[in-house]
Q: 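Below is one structure. I have some questions about it.
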Amino acid sequence: QVQLVESGGGLVQTGGSLRLSCAASGSIFSVIALAWYRQAPGKQRELVAQITPDGSTNYEDSVKGRFTISRDNTKNTAYLQMNSLKPEDTAVYYCNTNFNFLSYWGQGTQVTVSS
């Protein structure tokens, strides 16, 4: 079983920065891929960034150059550093992983970018 808990969301102004954290249950963290998704009101959930166990990353085009996904296997934590935030980044952000053919999601953390 995997448990994921997001934190770090909040209200920021356009151009500001936030760092989201995803704390995961231990023992298997180092061998699972992790991803950040986001969902705005009335919109479908979209993949923002993902990271493999060895640190390879992939990003949705609109966040390339602004967001950075990383992981610290010693702390069982993944991060999403978000810079140059725009109002269109406003959404609930979710941490996600897949393990033993099951998908796991955190509770989500709200990011609001004012304009």
Side-chain angles (χ1 to χ4, degrees):
Q1 293 289 327
V2 180
Q3 293 85 43
L4 304 172
V5 180
E6 303 96 333
S7 62
L11 173 64
V12 298
Q13 296 179 355
T14 297
S17 297
L18 284 172
R19 189 180 75 161
L20 307 183
S21 297
C22 172
S25 58
S27 80
I28 49 80
F29 183 84
S30 64
V31 300
I32 57 174
L34 293 153
W36 286 97
Y37 286 75
R38 66 186 180 188
Q39 187 167 23
K43 303 293 181 63
Q44 61 185 327
R45 188 171 298 184
E46 67 173 349
L47 177 64
V48 177
Q50 55 190 347
I51 186 167
T52 66
D54 68 352
S56 297
T57 60
N58 190 43
Y59 298 91
E60 194 275 327
D61 287 343
S62 70
V63 308
K64 287 181 179 177
R66 300 190 298 122
F67 291 11
T68 302
I69 187 172
S70 62
R71 65 193 297 160
D72 186 342
N73 290 343
T74 68
K75 298 180 179 179
N76 287 355
T77 302
Y79 305 94
L80 185 68
Q81 178 67 47
M82 306 185 296
N83 299 324
S84 301
L85 283 163
K86 306 173 181 179
E88 64 202 62
D89 296 317
T90 295
V92 177
Y93 284 71
Y94 298 91
C95 187
N96 165 260
T97 192
N98 295 288
F99 183 68
N100 282 352
F101 308 105
L102 295 176
S103 183
Y104 296 86
W105 297 87
Q107 83 288 350
T109 186
Q110 176 71 48
V111 172
T112 302
V113 185
S114 64
S115 63

Q: Ignoring hydrogens and angles, tell me if any N or O in the side chain of Ser25 forms a donor-acceptor pair with the backbone of Gln3 under 3.5 Å.
A: yes

Q: For Asn98, give me all partners under side chain to side chain contact (heavy atoms under 4.5 Å, CB included), at least two apart in sequence or on another chain.
A: Asn96, Ser103

Q: Does Met82 form a side-chain contact (heavy atoms from CB on, under 4.5 Å) with Val111? I'd like the steps, not just the answer.
A: CA-CA 10 Å; Met82 306 185 296; Val111 172; 3.8 Å; yes

Q: As an exercise, state the distance from CG of Leu18 to CG of Asn83, rounded to the nearest 0.5 Å.
A: 9.5 Å

Q: Taking the side chain from Thr57 and the backbone from Ile51, do they hold a donor-acceptor pair closer than 3.5 Å?
A: no

Q: Is Val5 isolated, or which residues cluster with it under the ILVMFWY side-chain rule of less than 4.5 Å, directly or via members?
A: none

Q: Linking directly or through intermediates, with side-chain heavy atoms under 4.5 Å: list the remaining ILVMFWY members grouped with Leu11, chain and number order.
A: none

Q: Enter the distance from Ile32:CD1 to Phe99:CZ here, rounded to the nearest 0.5 Å.
A: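 The distance works out to 7.5 Å.
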
Q: Ser56: which residues meet the side chain to side chain contact (heavy atoms under 4.5 Å, CB included) condition with it, sequence neighbours left out?
A: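 Per chain and number, Ser56 pairs via side chain to side chain contact (heavy atoms under 4.5 Å, CB included) with Thr52, Asp54.
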
Q: Nearest heavy-atom pair of Ala78 and Leu34: which atoms, and what distance?
A: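 Closest approach of Ala78 to Leu34: CB-CD1, 3.7 Å.
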
Q: Just wondering, do Ser17 and Val12 contact through their side chains at under 4.5 Å, heavy atoms?
A: no

Q: Step by step, would you call Trp105 with Tyr37 a ring pair (Phe, Tyr, Trp, His ring centres under 6.0 Å)?
A: CA-CA 10 Å; Trp105 297 87; Tyr37 286 75; 5.0 Å; yes

Q: Give me the atom names and distance for the closest heavy-atom approach of Ser21 to Trp36.
A: O-CH2, 3.6 Å

Q: Thr74: which residues meet the side-chain hydrogen bond (donor to acceptor under 3.5 Å, both in side chains) condition with it, sequence neighbours left out?
A: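 Only Asp72 meet the side-chain hydrogen bond (donor to acceptor under 3.5 Å, both in side chains) criterion with Thr74.
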
Q: Among residues at least two apart in sequence or on other chains, which ones pass side-chain hydrogen bond (donor to acceptor under 3.5 Å, both in side chains) with Arg19?
A: none

Q: Who are the ring-ring contact (aromatic ring centres under 6.0 Å, His included) partners of Tyr94, not counting sequence neighbours?
A: none

Q: Donor-acceptor pair, Thr97 side chain versus Ala33 backbone, under 3.5 Å?
A: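 Judged by distance alone, yes, a pair lies under 3.5 Å.
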
Q: How would you list, by chain and number, every residue that makes a side chain to side chain contact (heavy atoms under 4.5 Å, CB included) with Thr109, sequence neighbours excluded?
A: Glu6, Leu20, Tyr93

Q: Just verifying a value: how many Å separate Leu85 CG and Ser115 OG, rounded to the nearest 0.5 Å?
A: 12.5 Å

Q: Indicate every side-chain donor-acceptor pair of residues 41-49 with a distance under 3.5 Å to a residue at least two apart or in another chain.
A:
unit_1	atom_1	unit_2	atom_2	d
Arg45	NE	Gln39	OE1	3.4
Arg45	NH2	Gln39	OE1	3.3
Glu46	OE2	Arg38	NE	2.6
Glu46	OE2	Arg38	NH2	3.1

Q: If you compare all heavy atoms of Gln107 against all heavy atoms of Leu4, which two are closest, and at what distance to 0.1 Å?
A: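 The answer is OE1-O, 3.9 Å.
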
Q: If you compare all heavy atoms of Val92 against all heavy atoms of Gly108, which two are closest, and at what distance to 0.1 Å?
A: CG1-CA, 3.8 Å

Q: So, taking the atom named SG in Cys95 and the one named OH in Tyr79, what distance separates them when rounded to the nearest 0.5 Å?
A: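 Output value for this atom pair is 11.5 Å.
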
Q: How many angstroms lie between atom CG of Asp89 and atom OG of Ser62, to the nearest 0.5 angstrom?
A: 7.0 Å

Q: Can you name the side chain to side chain contact (heavy atoms under 4.5 Å, CB included) partners of Thr68, sequence neighbours left out?
A: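 Per chain and number, Thr68 pairs via side chain to side chain contact (heavy atoms under 4.5 Å, CB included) with Tyr59, Gln81.
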
Q: Residues two or more places apart in sequence or in another chain: which of them pass side-chain hydrogen bond (donor to acceptor under 3.5 Å, both in side chains) with Asn73?
A: Arg71

Q: Restricting to side-chain hydrogen bond (donor to acceptor under 3.5 Å, both in side chains), what partner residues turn up for Ser114, sequence neighbours left out?
A: none

Q: Determine, for Asp61 against Lys64, whether the closest basic-nitrogen to carboxylate-oxygen distance falls under 4.0 angstrom.
A: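 Looking at Lys64 together with Asp61, the answer is yes, because their closest N to O distance falls below 4.0 Å.
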
